[in-house]
*Asks:* 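Got a structure here, written out as structure tokens. Questions coming.
For the numbers below, each heavy atom of this structure counts, side chains included, while hydrogens, waters and symmetry mates do not. Bear in mind the structure is a predicted one, so any value in this text is a computation, not a measurement.
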Amino acid sequence: MTNQFQTPIADLLHQYTLLQKEFNYEKEMYKEQAERIGIKKRIQQGLCWYPVIPGRSYYNSLNQLVVEVERREDREIEHNFEYGRPVCFFTTDSGGKPQYMNFSAVISYVQDDRMVVVLPTPSALFDLQRTNEIGVQLYFDETSYKTMFNALQNTIKAKNNRLAGLRDILLGKSPAGKRTLFPVRFPWLNTTQEEAVNHVLAAKDVAIVHGPPGTGKTTTLVEAIYETLHRENQVMVCAQSNTAVDWISEKLTDRGINVLRIGNPTRVNDKMLSFTYERRFEAHPDYAELWSVRKAIRETQSQMRKSHGEKETARNRLSRLRFRATELEMKIDAELFGEARVIACTLVGSANRVLVNHHFTTLFIDEAAQALEAACWIAISKADRVVFAGDHHQLPPTIKCIEAARGGLDHTLMQKITAHKPETVSLLKIQYRMHDDIMRFPSRWFYHNELQSAAEVKYRGILEYDTPVIWFDTADCKFEEDQLSDSLSRINRQEASLLVSQLQAYIEKVSKERVLEESIDFGLISPYKSQVQFIRGLIKRNAFFKPFRKLITVHTVDGFQGQERDVIMISLVRANEKGQIGFLNDLRRMNVAITRARMKLIILGDAPTLTKHPFYQALYQYISLNGKVIQPSPALTEESPDDTRG
């Protein structure tokens, strides 16, 4: 696909328009939900905690007033609270309707049922502490959008500077430059990984590491960063999500690289917390003095408000204290950045105030195929060259406005460059995850048959005479899909019961003892949240699965991104005479689902409904020839976990 726009400026203006549509849509949706959906429903959707108990409050290392809050009920429900997201607090009136407090706050840290929130003023803390029963819910995130809009505007306006040059290379006809370098050998990498690292080192402007599932994209990227640091003092590493930044940061610290993590990780553990800017700041030898100076500033301000005399003396003291605080902050900051080899943050997080005036020779963007283009430009404005890593045949960015997605907002910068500058791309071709029978179909459909299985996984199986790929065609069972009245999500209860009964049958066939002894793990996937929740309920209520709880993960496709399991079972849900399959049309999601499996893939779906689409027709035919298609008995129920593999 070539770039449809005549100039990079026209392309960016179009992006701006699409982002505006997404912004307006999300804002309206938030308002509508806030008015229409009750507190209980918002709790179930993971958007709200109620009631919460405010805990201790203190000033953190960045001199922000924070308060801890903890939820006391509905602890089982998964939530969407994460670092950096804005929240608002509310109380309820006599009718149970929320009454919002007139300030918003930002999440600084979340773990399990506790979060730390940055408050805008001391009076906000007073409001929280004097209220009996309060709740907290996610607030519409205008800040991220403003940052992206600014980045697009700056890129459009750029003239005679590096940003303008990169804009015209990445989106326009200016060629991407290359250095002539003597290739470096990496005996511990495979041939395509080694080529990719050398390709990155030779790129003057842009390079893309295209990593299909299981091909060692992270390994390759870490090696490319490590090798780049032999040539440069410091690089910046970004990704769209906090989780992705934490993942690559952990791998870099394992290589002994000094990483400074801007922004608290969401997957908080002691290892990653110790690399955050805040923790490093607090650990600095001068921090104790800075803390004392800040405390003295607050006390002096408080005294000035209370007393009317000696104001001049207090002002002079305050001025001296503030000067010393600034001096210490600048010294600590300079030393932290001076020691770090990698600065790691999200793309939006690269606009953080601690990164103002910092510029990098090289920027690495991991999971670039999931990143909005506007977010990429925030970080690109801080670099001389950029390296993208990801796979545009896996999960796209999350776009809520259908019109914006159709207009191309889900078409990422990495995709555009791959399409009109293929010479910048290195494809990793050897995969280390899947049995060959599982791999060959996605390789054919998505990767021009270029993937190969590494020898150690090619024929790896659980049982000696097992079939790695199976489709349970539920057409004869007359299963029915339902749409839940309060959401767009769909459910197929009979198919869910069949999936659970087949999971039990397979565990019994392998033997309970062996599954536990070898920690054989299972991933149960459905594209629909309602189906996922229903399957979780069936597993939870069935005593048979109690010993295997830690080995069974039930999630949506998005929840499995970047993960793998020995056995993957996919419930496709859709069953109707018209062949309507909704968002199963997004084949990138199916690519992710299929390629999570190491040794066995079991698909459950109504073939007549699904095979009206060419992808599912091709997949069904492939499994007919290379695996096994089973028509289960209509009498098969949750209570009779018969093994019908034949």
*Asks:* Walk me through it: do Phe90 and Cys48 pass the test side chain to side chain contact (heavy atoms under 4.5 Å, CB included)?
*Replies:* CA-CA 10 Å; Phe90 62 87; Cys48 174; 3.6 Å; yes

*Asks:* Quick one: does any side-chain atom of Asn154 pair with a main-chain N or O of Asn150 as donor and acceptor, under 3.5 Å?
*Replies:*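 Yes, because the side chain of Asn154 sits within donor-acceptor range (under 3.5 Å) of the backbone of Asn150.
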
*Asks:* So do Asn60 and Glu278 actually touch side chain to side chain, heavy atoms under 4.5 Å?
*Replies:*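 They are not in side-chain contact.
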
*Asks:* Are Phe548 and Phe522 packed together at the side-chain level, in the sense that at least one heavy-atom pair is separated by less than 4.5 angstrom?
*Replies:*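 No, too far: nothing below the 4.5 Å cut-off.
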
*Asks:* Determine whether a donor-acceptor pair (N or O, by modelled atom type, separation under 3.5 Å) exists between the side chain of Gln563 and the backbone of Gly559.
*Replies:*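 At least one qualifying donor-acceptor pair exists.
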
*Asks:* Report the distance from atom CG of Asn352 to atom OG1 of Thr346, rounding to the nearest 0.5 Å.
*Replies:*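 Output value for this atom pair is 8.5 Å.
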
*Asks:* Is there a side-chain contact between Tyr109 and Val66 (heavy atoms, below 4.5 Å)?
*Replies:*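 SC-SC contact between Tyr109 and Val66 ruled out.
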
*Asks:* When you compare the side chain of Val573 with that of Ile491, does any pair of heavy atoms fall below 4.5 Å?
*Replies:*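 Ile491 does not reach Val573 side chain to side chain.
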
*Asks:* Is any side-chain heavy atom of Ile225 less than 4.5 Å from a side-chain heavy atom of Arg255?
*Replies:*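 In short, these two side chains do not touch, never coming nearer than 4.5 Å.
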
*Asks:* Nearest 0.5 Å please: distance from the CD atom of Gln15 over to the CD atom of Glu22.
*Replies:*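 So the CD of Gln15 and the CD of Glu22 are separated by 11.5 Å.
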
*Asks:* Can a donor-acceptor pair be found, under 3.5 Å and without considering hydrogens, that links the side chain of Arg72 to the backbone of Ile53?
*Replies:*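 No.
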
*Asks:* Determine whether a donor-acceptor pair (N or O, by modelled atom type, separation under 3.5 Å) exists between the side chain of Arg324 and the backbone of Leu290.
*Replies:*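 Looks like no, no N/O pair under 3.5 Å.
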
*Asks:* Between Glu327 and Lys331, is the closest basic N to carboxylate O distance under 4.0 Å?
*Replies:*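 Between Glu327 and Lys331 there is no salt bridge, as every charged N stays at least 4.0 Å from the carboxylate O atoms.
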
*Asks:* Going by heavy atoms in the side chains, are Glu73 and Pro51 under 4.5 Å from each other?
*Replies:*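 Answer yes - side chains close enough.
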
*Asks:* Taking all heavy atoms of Tyr83 and all of Val110, pick out the closest pair and write down the distance.
*Replies:*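 Looks like N-CG2, 4.3 Å.
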
*Asks:* Can you say whether the rings of His79 and Phe81 are parallel (under 30°), tilted (30 to 60°) or perpendicular (over 60°)?
*Replies:*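 Tilted: the ring planes of His79 and Phe81 meet at 30° to 60°.
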
*Asks:* Indicate yes or no: at least one non-hydrogen side-chain atom of Thr253 is less than 4.5 angstrom from one of Val342.
*Replies:*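 Heavy-atom side-chain distance check fails, nothing below 4.5 Å.
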
*Asks:* Which atom names give the shortest non-hydrogen contact between Thr412 and Ala369, and what distance separates them?
*Replies:*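 The pair with the smallest heavy-atom distance is CG2-O, 3.4 Å.
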
*Asks:* So, taking the atom named OG in Ser123 and the one named CG in Leu128, what distance separates them when rounded to the nearest 0.5 Å?
*Replies:*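 Between Ser123 OG and Leu128 CG, I get 10.0 Å after rounding to 0.5 Å.
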
*Asks:* Which residues pass the ring-ring contact (aromatic ring centres under 6.0 Å, His included) test with Tyr277, not counting sequence neighbours?
*Replies:*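 Residues passing ring-ring contact (aromatic ring centres under 6.0 Å, His included) with Tyr277: Phe281.
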
*Asks:* Check Arg406 with Glu403, please: is the shortest side-chain N to carboxylate O separation under 4.0 Å?
*Replies:*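 Salt bridge flag = no for Arg406 with Glu403.
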
*Asks:* Before giving the answer on side chain to side chain contact (heavy atoms under 4.5 Å, CB included), spell out for Glu68 and Tyr58 the whole-Å C-alpha distance, their side-chain angles and the decisive distance to 0.1 Å.
*Replies:* CA-CA 9 Å; Glu68 292 179 1; Tyr58 54 93; 4.0 Å; yes

*Asks:* For residues Phe560 and Leu524, report the shortest heavy-atom separation together with the two atoms involved.
*Replies:*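 It is CE1-O, 3.8 Å.
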
*Asks:* Supply the atom-to-atom distance Asp246 CG to Phe275 CZ, rounded to the nearest 0.5 angstrom.
*Replies:*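 Between Asp246 CG and Phe275 CZ, I get 12.0 Å after rounding to 0.5 Å.
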
*Asks:* Thinking salt bridges, do Asp366 and Lys251 make one under a 4.0 Å N-O criterion?
*Replies:*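 No, Asp366 and Lys251 are not salt-bridged.
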
*Asks:* Using a 3.5 Å cut-off and no angle test, enumerate the donor-acceptor pairs between side-chain atoms of residues 134-141 and protein atoms at least two apart in sequence or in another chain.
*Replies:*
unit_1 : atom_1 : unit_2 : atom_2 : d
Gln137 : OE1    : Arg42  : NH1    : 2.5
Gln137 : OE1    : Tyr100 : OH     : 3.2
Gln137 : NE2    : Tyr30  : OH     : 3.0
Asp141 : OD1    : Thr143 : N      : 3.4
Asp141 : OD1    : Ser144 : N      : 3.4
Asp141 : OD2    : Ser144 : OG     : 2.8

*Asks:* With side chains defined as the heavy atoms from C-beta onward, is the minimum distance between Val237 and Val245 less than 4.5 Å?
*Replies:*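 With C-beta onward as the side chain, the pair stays apart.
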
*Asks:* Does a salt bridge link Lys217 with Glu367, judged by any charged N lying under 4.0 Å from a carboxylate O?
*Replies:*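 Answer for the salt bridge query: yes.
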
*Asks:* Taking CZ in Phe126 as the centre, count heavy atoms belonging to other residues, nucleotides or ligands within less than 6.0 Å. Is the count above 12?
*Replies:*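 No, the 6.0 Å shell around CZ holds no more than 12 heavy atoms from other groups.
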
*Asks:* Looking at Arg589 and Asp558, is there a salt bridge between them, counting it only when a charged N and a carboxylate O are closer than 4.0 Å?
*Replies:*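 Result for this pair is yes, salt bridge flagged.
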
*Asks:* Which heavy-atom pair separates Trp377 from Leu12 by the least distance, and what is that distance?
*Replies:*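 Reported closest heavy-atom pair: NE1-CD2, 3.5 Å.
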
*Asks:* Between Gln234 (side chain) and Phe337 (backbone), is there a donor-acceptor pair under 3.5 Å?
*Replies:*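 A pair under 3.5 Å: yes.
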
*Asks:* Say you draw a straight line from CG of Leu347 to CD of Gln370; how long is it, rounded to the nearest 0.5 Å?
*Replies:*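 Here the rounded value is 11.5 Å.
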
*Asks:* Can a donor-acceptor pair be found, under 3.5 Å and without considering hydrogens, that links the side chain of Thr300 to the backbone of Ala296?
*Replies:*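 Here the side-chain-to-backbone pair exists.
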
*Asks:* Give the C-alpha distance, both sets of side-chain angles, the deciding distance and a yes or no for side chain to side chain contact (heavy atoms under 4.5 Å, CB included) between Glu133 and Tyr50.
*Replies:* CA-CA 8 Å; Glu133 202 154 85; Tyr50 180 81; 3.1 Å; yes

*Asks:* Would the distance check show the side chain of Ser526 and the main-chain N or O of Ser571 forming a donor-acceptor pair, the cut-off being under 3.5 Å?
*Replies:*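 Answer holds: yes.
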
*Asks:* Crowded around Tyr59 OH? As in, over 12 foreign heavy atoms under 6.0 Å?
*Replies:*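 Yes, OH of Tyr59 has more than 12 neighbouring heavy atoms, counting only those of other groups under 6.0 Å.
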
*Asks:* Could you state the interatomic distance from OH (Tyr528) to OG1 (Thr556), rounded to the nearest 0.5 Å?
*Replies:*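 Between atom OH of Tyr528 and atom OG1 of Thr556 there are 12.5 Å.
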
*Asks:* Just by modelled atom types, is the Gly263 backbone N or O under 3.5 Å from a matching donor or acceptor in the Arg261 side chain?
*Replies:*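 Yes: the side chain of Arg261 pairs with the backbone of Gly263.
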
*Asks:* Any chance you could lay out the side chain to side chain contact (heavy atoms under 4.5 Å, CB included) test for Arg588 and Asp391, step after step, and finish with the verdict?
*Replies:* CA-CA 10 Å; Arg588 291 171 291 190; Asp391 179 13; over 6 Å; no

*Asks:* Indicate yes or no for a side-chain donor-acceptor contact from Gln531 to the backbone of Asn492 under 3.5 Å, with no hydrogens or angles considered.
*Replies:*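 Present.
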
*Asks:* Decide whether Asn242 and Arg85 meet the rule of one side-chain donor and one side-chain acceptor closer than 3.5 Å.
*Replies:*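 Arg85 and Asn242 do not have a side-chain donor-acceptor pair below 3.5 Å.
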
*Asks:* Could you report the tightest heavy-atom contact between Leu18 and Leu409, atom names first, then the distance?
*Replies:*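 Heavy-atom minimum between the residues: CD1-N, 3.6 Å.
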
*Asks:* Which heavy atom in Ala543 sits nearest to a heavy atom in Pro547, and how many Å separate them?
*Replies:*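 Smallest interatomic distance, heavy atoms only, reads O-CD, 4.1 Å.
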
*Asks:* Between Arg294 and Glu329, is the closest basic N to carboxylate O distance under 4.0 Å?
*Replies:*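 Salt bridge: yes.
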
*Asks:* Judged by atom type as modelled, is there a donor-acceptor pair below 3.5 Å linking the side chain of Arg341 to the main-chain atoms of Asn258?
*Replies:*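 No, because the side chain of Arg341 does not come within donor-acceptor range (under 3.5 Å) of the backbone of Asn258.
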
